[in-house]
Amino acid sequence: MSSKSEDFFKKVYALVRLIPEGKVTTYGEIAKALGAPKSSRVVGYAMNNSHQLDDVPAHRVVNRIGVLTGKHHFSSSDAMQQLLEEEGISIKNDQVENFEQHLWKPPQTDK
DNA sequence: GGAGTGACGCGGC
DNA sequence: AGCCGCGCCACTC
């Protein structure tokens, strides 16, 4: 049987894949949507593994303040910002402008 | 087997 | 108001 952690990772990927273009979400929101608001760190870890995938728009995932914390993990440090701007999101100093306006809330599987 | 790290979040000082 | 530390979960050395 699959390990729980593995299933958690899979959920994260599935959720991130549901993020529409021009929208962004936070690690905490994803973790909370999965029923583990304290596992926000694990979400970030999952995204690190998402590098082997290509269906996971990790560039649409930022931290709770809308800062591109994981931009350094992309092919290029500016790739994340470029992708977001391409989708219509304005980035200022590695920070998303009108973050709440572009924030996308994932469907809560809990209820 | 223990300690440290990390794409986070919140609270305390 | 900003700066510092702790908690939490998973993974690696």
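Just so it is clear, the values below take in all heavy atoms, side chains as well, and ignore hydrogens, waters and symmetry mates. To find a chain, count down the sequence lines: A is the first, B the second, and so on, and within it residues start at 1. Keep in mind the model is a prediction, meaning the values are calculated, not measured.
- Atom CE in A:M47 sits roughly 12 Å away from atom P in B:dC8 (whole-Å rounding).
- Distance, A:Q52 CD to B:dA7 C1': 15 Å, rounded to whole Å.
- Looking only at distances, a side-chain donor or acceptor of A:Y13 sits under 3.5 Å from a matching main-chain atom of A:A46.
- The base of B:dA7 sits with one of its N or O atoms less than 3.5 Å from a complementary donor or acceptor on the side chain of A:Y27.
- Atom P of nucleotide B:dC8 and atom CG of A:L34 are separated by 16 Å, given to the nearest angstrom.
- Taking atom NZ on A:K11 and atom C1' on C:dC9, their separation rounds to 15 Å, with Å as the unit.
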Inset, instruction - For DNA chain B, produce a single dot-bracket line, 5' to 3'. Pairs: Watson-Crick or G-U wobble, both distances under 3.5 Å. Symbols: ( ) within strand, [ ] crossing, | other strand, . unpaired. - result: .|||||.||||||

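- When rounded to the nearest whole Å, the span between OH of A:Y45 and P of B:dC8 equals 12 Å.
- Residue-level contact check: A:N63 touches the backbone only, with heavy atoms under 4.0 Å from sugar-phosphate atoms and none from bases.
- Interatomic distance, CH2 of A:W104 versus CG of A:L15, reported as 5.0 Å (0.5 Å rounding).
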Listing time: all N or O pairs from protein to nucleotides 10-13 of chain B that are below 3.5 Å?
unit_1: B:dC10; atom_1: OP2; unit_2: A:R64; atom_2: NE; d: 3.4

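- Residues A:E87 and A:H102 have side chains that never bring a donor and an acceptor to within less than 3.5 angstrom of each other.
- Per the geometry, CG belonging to A:D94 stands 13 Å off C1' belonging to B:dA7, to the nearest Å.
- Taking atom CG of A:L103 as the reference point, atom C1' of B:dC8 lies 15 Å away to the nearest angstrom.
- Contact annotation for A:H51: base contact, defined as any heavy-atom pair under 4.0 Å involving a base atom.
- Contacts of A:A46 with the nucleic acid, taken as non-hydrogen atoms under 4.0 Å apart, are absent.
- A:E100 CD: 12 or fewer foreign heavy atoms inside a 6.0 Å radius.
- Taking the side chain of A:F74 as heavy atoms from C-beta on, and the options B:dA7, B:dC8, C:dC9, the nearest nucleotide is B:dA7.
- Residues A:L83 and A:I91 do not share a hydrophobic cluster, clusters being chains of Ile/Leu/Val/Met/Phe/Trp/Tyr side chains in contact below 4.5 Å.
- Here the shortest heavy-atom pairing between A:S50 and A:A58 reads OG-CB, 4.0 Å.
- The hydrophobic clustering, which links ILVMFWY residues whose side-chain heavy atoms are closer than 4.5 Å, places A:V62 and A:I19 apart.
- One finds no salt bridge joining A:R64 and A:E29 here, because no Lys/Arg side-chain nitrogen approaches an Asp/Glu carboxylate oxygen to under 4.0 Å.
- The same atom, P, is picked in B:dG4 and in C:dG5; the two are 15 Å apart, to the nearest Å.
- Across the C1' atoms, C:dG2 and B:dA7 are found 24 Å apart, a figure rounded to whole Å.
- The main-chain N or O of A:N63 is never found under 3.5 Å from a side-chain atom of A:T26 such that the two would form a donor-acceptor pair.
- Distance noted for atom P between C:dC8 and B:dG1: 23 Å (whole Å).
- A:Y13 has its OH atom 15 Å from the P atom of B:dA7, to the nearest Å.
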Name the pairs: protein N/O against N/O of nucleotides 6-8 of chain C, kept only if under 3.5 Å.
unit_1: C:dG7; atom_1: O6; unit_2: A:R41; atom_2: NH1; d: 2.4
unit_1: C:dG7; atom_1: O6; unit_2: A:R41; atom_2: NH2; d: 3.2
unit_1: C:dG7; atom_1: N1; unit_2: A:R41; atom_2: NH1; d: 2.8
unit_1: C:dC8; atom_1: N3; unit_2: A:R41; atom_2: NH1; d: 3.0

